[in-house]
Undergrad: 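If you scroll down you'll find the structure; I have some questions about it.
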Amino acid sequence: MKKLSLLLGCCFISLFSVAQKASNNLAIIPEPVSVITRTGAFILPQSILIKAGSAEQVSLVSSYLQKKLFTATGRVVKVNAHGTLATIKLIINSKTDTELGKEGYHLVVGKKGVLISANEAAGLFYGVQTFLQLLPKEIESPVAVSAVNWVAPCADIKDYPRFGWRGLMLDVSRHFFTKDEVKQYIDQMVRYKYNLLHMHLTDDEGWRVEIKSLPRLTTVGAYNVKKVGEFGEFSAPTPDEPRNYGGFYTQADIKELVQYGKDRFLNIMPEIDVPGHSLAAIVAYPELSCTAGADKYQVRSGEHIMDFDKGVITALVDNTLNPSSEKTYAFLDKVVTEVAQLFPFGYIHMGGDECAKNFWAQSDSVKMLMQKEGLKTMEEVQSYFEKRVEKIVESKGKKFMGWDEIIEGGLGPKAAVMSWRGIQGGITAAKLGHEVVMSPTTYAYLDYMQSDLVMEPHVYETLRLNKSYEFEPVPDGVDSKLVLGGQANLWTEQVYNLRQAEYMTWPRGFAIAESVWSPKDKKNWNNFYPRVEKQFGRLNEDEVKYAPSMYDPSFQPSLTTDSLVKVELINEIPNLDIYYSFDNSYPDRFYPKYDGPIIAPKDATQLRLITYRGKEPIGRMITMPIAELRKRLKR
Ligand code: ACM
């Protein structure tokens with residue numbers, strides 16, 4: 001009897017610990033609409049049967065799940081349309097559940113099996129993503145892992161997105177990412193229920209999409225000189241430096257990428273950035289410029305070509321298309337014709353940002369256009385250009401979208417606006433009745449540094465994770481129906497490889513994903529950052545790079561009455577300890593612990609610090625020069 005109760009006790013404890021372990025894994029990003037946890041756990045059997053219909057879209061989901069489960073567990077995973085004893089059932093609702101919409105799902109994890117139901121296959125796909133996040137992190141391993149307790153906590157989850165537009169923009173012009181790298185990026189995106197990849201395909205540094213009727217765009221326009229250092233300050237290339245850095249996507253590559261996205265319920269939106277940022281196109285076809293000597297220009301390699309002083313943009317070489325020449329519109333008609341055929345997505349983004357107008361102002365041809373059309377300002381000249389481009393885009397059966405500068409001289413009749421200089425452009429456009437996508441620098445610019453300047457590759461500003469998490473796509477007083485959604489943008493002036501693109505994207509991409517998927521009232525920073533930490537474990541399994549910058553404190557310097565530098569350290573997440581030194585040695589947890597503003601001794605040259613959680617170092621070693629803190633006081 002004693003032995004029996006001991007045995008029962010052991011069973012209870014081990015079952016309890018399985019369930020306990022399983023519920024520890026509940027760290028879903030983006031947070032679902034409703035989660036009810038139940039007692040017990042689902043244990044993945046040795047032989048897994050997925051029940052799913054054979055309709056093409058549903059098969060995409062079942063094969064995706066089959067591949068994930070097989071890859072990580074090494075177990076037998078079969079898919080069958082009639083598996084009454086199936087372990088995981090993927091079911092399309094016979095009667096539409098209006099609450100779920102097109103992308104929502106209902107996931108029930110029971111002790112005996114898993115049921116995912118949805119109105120459409122996209123919903124099943126997102127249900128699968130949530131289910132995978134309930135399994136141990138090793139599910140993200142690209143090779144089979146043994147000795148894993150493959151359990152998921154029992155739960156009942158109902159979920160659907162807040163917005164239909166959930167995007168990331170990848171700048172493939174400043175750095176060319178290969179087709180396979182773009183696929184990897186898509187794989188990472190869809191796990192967090194993003195459904196749109198915006199590809200910034202053209203800029204001063206390279207034209208990346210093959211246009212068969214305009215071959216020089218890619219034979220000439222796709223290559224520059226590889227440089228490293230501070231982008232924008234690179235030395236101008238000499239004639240003997242090889243122009244072999246870059247590349248482009250053939251039309252076959254684009255079709256493959258579009259299909260790859262479609263198979264994962266993700267659209268690709270192309271961006272052709274005109275009339276500014278067009279140096280690569282002008283180098284290929286100098287007749288597109290209103291400036292004499294454009295035939296001597298070269299694709300930019302990161303040298304200084306624009307000034308942004310006091311908000312006025314001045315180009316040092318004319319990187320704009322000539323708005324007064326019919327050749328420009330004939331060129332754009334050819335480009336848009338081919339782009340519209342390549343990308344099935346309903347919108348084509350035609351850029352419109354940061355268009356310098358100083359060369360236009362000097363052009364007799366532009367002056368004549370202004371007279372003829374009654375255009376009074378350069379903004380109105382750009383507006384004339386945008387309205388003509390809008391007509392071209394619409395003539396190919398697509399909707400026209402542009403950055404918020406397209407509002408300035410008067411918005412075209414149906415133009416959709418992507419608001420990047422804060423949210424004001426989006427507010428203005430929506431108040432005029434136009435569709436809007438929010439991607440403000442304030443919250444959603446993934447090229448910005450994630451912690452202090454001394455720790456990150458230098459870009460214009462810092463945007464910390466907790467600030468990104470405050471992203472709210474619908475401003476007060478705006479008709480929410482006109483806000484299609486939101487996206488984050490990864491510009492790649494300072495990104496030279498996919499690892500760095502990943503580092504810049506995650507974890508801020510989690511914050512944006514949650515802002516565009518989850519109900520507004522479910523967002524909660526104190527609940528979010530522990531989930532981020534759990535997701536780090538998943539990214540580690542898949543060997544995806546991410547930034548640990550949320551463990552770096554920020555620095556608030558001031559001056560004491562006797563002119564010593566005093567610094568306050570502010571942690572982004574709670575319950576971390578900071579240990580520091582002023583004596584140039586590397587601190588650990590046996591060094592002084594920060595418990596309030598510290599004063600640098602008179603002759604100290606640097607403050608070094610490291611962040612711990614308990615006994616574990618969790619942050620990076622940071623070295624902050626005292627001179628740098630002094631410099632900041634003067635600003
Ligand atoms: C932009 O960031 N120039 C749209």
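One-based numbering, in listed order, for ligands and for the atoms of each.
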Undergrad: Can you list the residues that meet the salt bridge (Lys or Arg N to Asp or Glu O under 4.0 Å) rule with Lys522, with sequence neighbours excluded?
TA: Glu31

Undergrad: Identify, chain by chain and in numerical order, each protein residue with a heavy atom under 4.0 Å from an atom of ligand 1.
TA: Asp353, Glu354, Trp403, Trp420, Tyr445, Trp491

Undergrad: Under 6.0 Å from the ring centre and within 45 degrees of the ring axis: does the NZ or CZ of Arg166 meet both conditions for the six-membered ring of Tyr126?
TA: yes

Undergrad: If you draw the axis of the six-membered ring of Tyr260, does the NZ or CZ of Arg264 fall within 45° of it and under 6.0 Å from the ring centre?
TA: yes

Undergrad: Could you check whether Glu472 pairs with Arg162 (Lys NZ or Arg NE/NH1/NH2 to Asp/Glu carboxylate O, under 4.0 Å)?
TA: yes

Undergrad: With a 3.5 Å cut-off and no angle check, do the side chains of Ser451 and Ser549 form a donor-acceptor pair?
TA: no

Undergrad: Please assess Tyr469 against Phe510 for the test ring pair (Phe, Tyr, Trp, His ring centres under 6.0 Å), listing each intermediate value before the final yes or no.
TA: CA-CA 8 Å; Tyr469 193 63; Phe510 298 155; over 10 Å; no

